Amino acid sequence: MPGNPWFSWSYVVDNAPVLWQRTVEHAGITIEAVAISAAIAIPLGALISRYRWLSGPVLGTTAVLYTVPSLALFAMLTPALGIGRAPVLVGLVVYALLIILRNTVAGLATVDPAVLDAARGLGYGPGRTLVQVAMPSALPSIIAGLRLATVSSVALVTVGVVVGFGGLGQIMFQGFRNNSYRAEIMTATLATILLALVLDLALWAAGRALTPWLRRRTA
Amino acid sequence: MSAPTGVVDEALVWLNDPLTWTEPGGVLELAGEHLYMTVVAVAAAAAVAIPVGAWLGHSGRGAGLVVWLTNASRAMPTLGIILLLAATGLFGNTATVIAAAFFAVPVLLVNTYEGVRGADPDARDAARGMGMSGGRILLQVELPLATTLVSAGLRTTIVQVVATIPLAALVGGGGLGQIIALGMGTQRYGEVLAGGVVVAVLCLAIDGVLAIGQRLATPAPLRVSAR
């Protein structure tokens with residue numbers, strides 16, 4: 001089949017504005033979803049680390065939600081939220097929740113008990129111990145969770161085409177509709193992977209900047 | 001947009017209609033197709049991932065590869081891969097099954113690798129001391145010890161594949177995703193909701209059944225240490 005190459009630079013140049021617009025849209029919804037999810041999951045993780053009996057029900061519920069396929073979740077959210085950005089955003093938040101929650105709990109579980117003891121010995125209350133001692137120790141694990149949640153969210157957004165908001169997935173699907181225009185599908189797929197890598201790298205750098213003590217240890 | 005309650009009513013009516021389930025192309029037929037596609041994808045992934053993972057774990061090579069593969073597969077959009085496969089001229093169902101198998105491989109591979117790799121070194125030493133060959137150590141000592149992780153991997157894989165197959169409907173394939181795609185196309189949001197519920201329930205039910213299966217597949221002495 002001539003005229004249907006797997007990649008075409010002229011396609012990229014001709015459609016740069018649309019590609020860029022979709023990329024921004026894609027990045028925007030991803031960042032917003034992970035931020036909301038983190039705002040829920042990190043405090044929740046701290047809470048269930050303190051009240052152990054909560055961990056079963058909370059982790060169980062998020063795990064059940066996580067098992068629901070993305071297409072089905074977006075579909076079930078549309079009657080309540082309508083077509084478009086909202087169901088995708090809520091769906092992404094739900095999926096990111098389990099990942100961030102698990103890593104927060106795991107991170108807090110590995111905090112050195114001696115360090116916690118020392119904080120108590122210094123007269124720190126439970127709140128101050130959590131914020132100033134336990135959380136910084138758990139930070140690497142939490143950041144790992146944020147990175148994982150971000151990367152999987154970027155891939156998930158594309159499924160949003162089913163409710164009309166897929167970011168770069170919109171371009172992929174349009175390529176499929178356009179008689180399987182390969183260059184269009186390939187460009188959007190590569191752009192999605194690239195976006196995931198860029199956001200992952202940004203979070204990695206942020207994590208490095210936030211945990212200077214780890215760098216000193218390995219150096 | 002119609003009111004949510006209307007949509008819920010529509011969904012209930014649709015789900016309560018026996019014809020919805022039994023007609024040709026109805027829920028039961030689509031579910032059968034869905035499960036058939038799942039079995040093919042999981043079998044294909046297992047045929048590749050378990051032997052390779054076991055061999056890598058046994059020889060202790062390829063740790064970097066395993067980690068890289070898992071991370072790389074996370075960044076890849078499933079839908080993009082399905083659409084690319086469909087663009088090669090494959091049918092929607094075939095493209096989706098290949099993509100689902102492709103994404104299932106890393107999960108199974110990592111679990112098999114970790115399971116074999118993590119077998120008690122003392123047990124491995126004892127087997128070698130008894131004069132077992134490398135292949136026999138792998139088959140009779142390391143793999144049985146890896147059962148817990150391999151069955152956990154299989155469960156995750158199967159659920160993940162059941163969740164991926166609905167995407168076939170977006171590229172003209174079958175399976176339960178069709179209900180959702182069709183409902184979207186015709187703006188019958190009751191069916192969209194009902195389709196979502198059917199897919200979600202199937203996934204959760206399969207996960208539940210597999211959780212029991214996973215427990216049964218784990219040799220009794222290993223159960224205590226699991227989790």
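Sequence lines set the chain letters: A, B, ... in the order given, protein chains first and strands last, and positions in each chain run from 1. Fair warning: this is a prediction, and the values are worked out from it, not measured in the lab.
Within 6.0 Å of CZ on A:Arg102 lie no more than 12 heavy atoms contributed by other residues, nucleotides or ligands. For B:Glu23, the CD atom counts as densely surrounded, since its 6.0 Å shell holds more than 12 non-hydrogen atoms of other residues, nucleotides or ligands.
Looking at B:Thr88 and A:Trp6, their side chains come closer than 4.5 Å, going by heavy atoms from C-beta outward. A heavy-atom distance below 4.5 Å is not found between the side chains of B:Val192 and A:Pro79.
B:Leu204 contributes atom CG, which lies 5.5 Å from atom OG1 of A:Thr67 (distance to the nearest 0.5 angstrom). Within the model, atoms CZ of B:Arg74 and CG of A:Asp200 stand 10.5 Å from one another, a figure rounded to the nearest 0.5 Å. We find the CE-CD1 distance between B:Met76 and A:Ile193 to be 5.0 Å, quoted to the nearest 0.5 Å. Rounding to the nearest 0.5 Å places OG1 of A:Thr192 at 9.0 Å from CG of B:Leu79. One finds the CZ atom of A:Arg177 at 10.5 Å from the CG atom of B:Leu83 (value rounded to the nearest 0.5 Å).
Heavy-atom distances place both the backbone and the side chain of A:Phe173 under 4.5 Å from chain B. Residue A:Leu73: no heavy atom, backbone or side chain, is found under 4.5 Å from chain B. Only the side chain of A:Ala196 comes within contact range of chain B, judged by heavy atoms closer than 4.5 Å. For A:Val161, the part sitting under 4.5 Å from any heavy atom of chain B is the side chain, from C-beta outward, and nothing else.
Note on B:Val199, B:Leu202, B:Asn71, B:Ile206: by heavy-atom pairs under 4.5 Å with chain A, the leading option is B:Val199. Per-residue heavy-atom pair counts under 4.5 Å with chain B were compared for A:Leu190, A:Thr158, A:Val163, A:Leu194, and the maximum is reached by A:Thr158. Here A:Ala72 is the residue among A:Ala72, A:Gly164, A:Gly169 with the most heavy-atom pairs under 4.5 Å with chain B. Ranking A:Val68, A:Val64, A:Leu71, A:Val159 against chain B, the residue ahead of the rest is A:Leu71, based on heavy-atom pairs under 4.5 Å. Contact count against chain B (heavy-atom pairs under 4.5 Å) is highest for A:Ser180 among A:Ser152, A:Gly166, A:Gly175, A:Ser180.
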Practice prompt. List the steps and the verdict of side chain to side chain contact (heavy atoms under 4.5 Å, CB included) for A:Arg182 and B:Leu84.
Written response: CA-CA 7 Å; A:Arg182 291 170 180 168; B:Leu84 282 175; 5.7 Å; no
Item to complete: Report the C-alpha distance between B:Val159 and A:Tyr66 in whole Å, list the side-chain angles of each, state the deciding distance to 0.1 Å, and finish with yes or no for side chain to side chain contact (heavy atoms under 4.5 Å, CB included).
Response: CA-CA 11 Å; B:Val159 175; A:Tyr66 191 79; over 6 Å; no
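Partners of B:Leu154 according to the side chain to side chain contact (heavy atoms under 4.5 Å, CB included) rule, which considers only residues two or more places apart in sequence or in another chain, are B:Val42, B:Leu108.
Among all heavy-atom pairs drawn from B:Pro77 and A:Thr189, the shortest one is CG-CG2, 3.9 Å. Residue B:Gly196 comes nearest to A:Ala75 through the heavy atom pair CA-CB, 4.2 Å, listed as atom of the first residue, atom of the second, then distance.
Residues of residues 167-185 of chain B lying under 4.5 angstrom from chain A, judged on non-hydrogen atoms, are B:Leu167, B:Leu170, B:Val171, B:Gly177, B:Ile180, B:Met184 in numerical order.
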